[in-house]
Visitor: 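Here it is, the structure, as structure tokens.
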Amino acid sequence: MARFAPRVLVLPTPGDAAHELQRIRVDSCGIVEMVPKMRTLCIGLSGLECRQANILKQEMLSLGGDAAVARGTVACSITSTDCVLIGTAKQLARLCRKLKSQPFALPELGGELESLLVRIDTVPSSWQTSRRTLSLQRPLIMGILNVTPDSFSDGGHSFDHDRAFKKALLMEAEGADIIDIGGESTRPGASTVSSDEESARIIPVIERLAGRLKCAISVDTWKGDVADRALSAGAEIINDISGFTFDPQMAGLAAASGAGVVLMHTRGTPDNMQQNTAYYDLMAEIATGLSASLARAHEAGVSDACIAIDPGIGFAKGAASNLELLRRLSELSSFGLPILTGPSRKSFIGTVLGREQTDDRLFGTAAAVALSVSHGASILRVHDVRAMRDVADMAYAIMRS
């Protein structure tokens, strides 16, 4: 796992820049001075020692940039500080070289910054599964197939195996690139089901679809034994809401199978996650969680070519956090990996629009999908395939015109 995990900050307005500086407790005079400078590249760092932050500030000033740190950093009267490096890509590249001769683990930070500067100029062009390479030259649509009696939006609609089979064929005809099949609800407050019960729900459907679908099949599970059975039945992607944290066997299985994987950020389990929705720094904490999941994947031998990341809209996040996440989604491009979002019919859309019924959230979902694409998402997990295929393709065409 990267020690410093630097990330690009998305601060499109002076107000956003000022808010970020206030959050890390920059002196008020410093905020006034620094905000106009923050139209260049801004790199966020968390939990630096004061001695590290002071060297970074000195070096950035010498290069014509700056570094924002908390009050008390210079005098080392506080224990640690977050930091925003402010400068051009050229200045930051020169900083990386200068850090190679510095103490206090700063050469390691320099290496991580160098890698970040490469990643931000690299847009993933494909996603590898165990059976094919999926092109990302246009957004991928992942159709949701819940073979459950209790999912939040469509629980029971496809619980019958015949209905699930027909629904999958319909979604493919409507433009789905992937069918994501789940046998356990992960809605807020949902309880777990046994591996045998989950398998009994989905394996017959996967086996039947594997010989009919041309598009990829994904299994939505956090259980290694369920994923193993699903892969044997014809699935080629593992969509793990826990990001390899719930089942220690999952990362090794993914590596051995060569499956594509989706690593999602959450806190807690579905039955209690909405009791833990407060964040000091939302995007930093999401990035830290995803970094930990990536470290598990890499340690097990999973290739980056097989990995997509998901910030976990609606998982251990309130409505305000979901909105902020979508607004700042492009910060996750710092990972250099495909980004998946799943805003479809989620409760935050109902909260914003006053739409209590999930079926009334189509247009709110469309807005979230369009903005996801414009902010860097290349995989959209949705219920309404035909409509969101058009939304995603139109948003992508506008972005690339």
Side-chain angles (χ1 to χ4, degrees), residues 2 7 119-120 122-145 176-182 186 215-222 227 230-231 235-246 250-251 253-255 257-266 283 286-315 325-326 328-344 368-369 372-382 388 392 396:
R7 67 195 190 284
R119 290 197 302 272
I120 61 177
T122 304
V123 178
S125 60
S126 63
W127 184 27
Q128 185 69 45
T129 78
S130 58
R131 295 172 181 254
R132 73 193 79 194
T133 299
L134 293 167
S135 172
L136 300 177
Q137 293 307 307
R138 70 166 186 165
L140 298 177
I141 296 296
M142 176 184 277
I144 300 169
L145 185 64
D177 303 287
I178 306 163
I179 306 297
D180 191 39
I181 303 175
T186 54
C215 67
I217 298 175
S218 169
V219 58
D220 178 8
T221 186
W222 54 265
L231 293 172
E236 57 193 270
I237 297 167
I238 301 168
N239 182 10
D240 183 355
I241 66 162
S242 81
F244 290 168
T245 63
F246 290 176
M250 185 69 93
L253 170 67
S257 66
V261 297
V262 180
L263 301 179
M264 195 191 81
H265 171 271
T266 189
M283 297 308 294
I286 290 173
T288 298
L290 290 172
S291 293
S293 292
L294 284 168
R296 292 186 188 92
H298 292 156
E299 185 177 359
V302 180
S303 168
D304 275 346
C306 297
I307 300 174
I309 56 173
D310 178 355
I313 294 172
F315 285 79
L325 191 167
L326 283 169
R328 300 177 64 183
L329 183 68
S330 58
E331 291 188 16
L332 298 181
S333 298
S334 299
F335 285 100
L337 297 169
I339 299 170
L340 180 151
T341 62
S344 187
V369 166
S372 291
V373 172
S374 71
H375 292 168
S378 51
I379 310 163
L380 296 309
R381 185 176 183 271
V382 300
M388 297 311 137
Y396 189 77

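Start at 1 with the first residue, then count along the sequence. The figures here come from the full heavy-atom set of this structure, side chains too, leaving out hydrogens, waters and symmetry mates.
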Visitor: Where do Met250 and Ile238 land on the side chain to side chain contact (heavy atoms under 4.5 Å, CB included) test, with the steps shown first?
Guide: CA-CA 9 Å; Met250 185 69 93; Ile238 301 168; 3.9 Å; yes
Visitor: Considering non-hydrogen atoms only, spot the tightest contact between Ile237 and Leu231 and give its length.
Guide: N-CD2, 4.4 Å
Visitor: What do the steps show when you test Asp220 against Ile181 for side chain to side chain contact (heavy atoms under 4.5 Å, CB included), and what is the final call?
Guide: CA-CA 6 Å; Asp220 178 8; Ile181 303 175; over 6 Å; no
Visitor: Using 0.5 Å steps for rounding, measure from the NE2 atom of His375 to the CG atom of Leu325.
Guide: 11.5 Å
Visitor: Would you give the length of the straight line joining atom CG of Leu263 to atom CG of Asn239, rounded to the nearest 0.5 angstrom?
Guide: 9.5 Å
Visitor: Identify the heavy atoms of Trp222 and Ser242 that sit nearest to each other, and give their distance.
Guide: CB-OG, 4.2 Å
Visitor: Provide the closest heavy-atom pair for Ala368 versus Pro343 in the form atom of the first, atom of the second, distance.
Guide: CB-CB, 3.7 Å
Visitor: Nearest 0.5 Å, what's the CH2-CG distance between Trp127 and Asp304?
Guide: 13.5 Å
Visitor: For the residue pair Ala254 and Phe244, what are the closest heavy atoms and their distance?
Guide: CB-CZ, 3.8 Å
Visitor: Of Thr341, Asp310, Asp180, which meets side-chain hydrogen bond (donor to acceptor under 3.5 Å, both in side chains) against Arg381?
Guide: Asp180
Visitor: Answer yes or no: is there a side-chain heavy-atom contact under 4.5 Å between Thr266 and Ile241?
Guide: no
Visitor: With rounding to the nearest 0.5 angstrom, report the CD1 to CD1 distance, Ile217 to Ile178.
Guide: 11.0 Å
Visitor: Are Arg328 and Glu331 ion-paired here, with the side-chain N under 4.0 Å from a carboxylate O?
Guide: yes
Visitor: Under 3.5 Å, is there a donor on one side chain and an acceptor on the other for Ser130 and Glu236?
Guide: no
Visitor: Could you report the tightest heavy-atom contact between Asp177 and Pro139, atom names first, then the distance?
Guide: OD2-O, 3.8 Å
Visitor: So do Ser135 and Ser126 actually touch side chain to side chain, heavy atoms under 4.5 Å?
Guide: no
Visitor: If we ignore hydrogens and angles and just use 3.5 Å, is the side chain of Tyr396 paired with the main-chain N or O of Ser374 as donor and acceptor?
Guide: no
Visitor: Please determine whether side chain to side chain contact (heavy atoms under 4.5 Å, CB included) holds for the pair Ile307 and His298, giving the CA-CA distance in whole Å, both sets of side-chain angles, and the decisive distance to 0.1 Å.
Guide: CA-CA 10 Å; Ile307 300 174; His298 292 156; 4.2 Å; yes
Visitor: Any side-chain heavy atom of Leu140 within less than 4.5 Å of one from Leu134?
Guide: yes
Visitor: Any heavy-atom pair between the side chains of Val382 and Val369 that's under 4.5 Å?
Guide: yes
Visitor: Can you find a heavy atom in the side chain of Leu332 that is under 4.5 Å from one in the side chain of Pro311?
Guide: yes
Visitor: Given Leu136 and Ser378, is the side chain to side chain contact (heavy atoms under 4.5 Å, CB included) satisfied, shown in steps?
Guide: CA-CA 7 Å; Leu136 300 177; Ser378 51; 4.0 Å; yes
Visitor: Please report the interatomic distance OG(Ser344) to CE(Met388), rounded to the nearest 0.5 Å.
Guide: 6.5 Å
Visitor: Under 4.5 Å between any side-chain heavy atoms of Thr129 and Cys306, yes or no?
Guide: no
Visitor: What's the spacing between Leu329 CG and Ser372 OG if we round to 0.5 Å?
Guide: 6.0 Å
Visitor: Under a 4.5 Å cut-off applied to non-hydrogen side-chain atoms, are Met264 and Thr186 in contact?
Guide: no
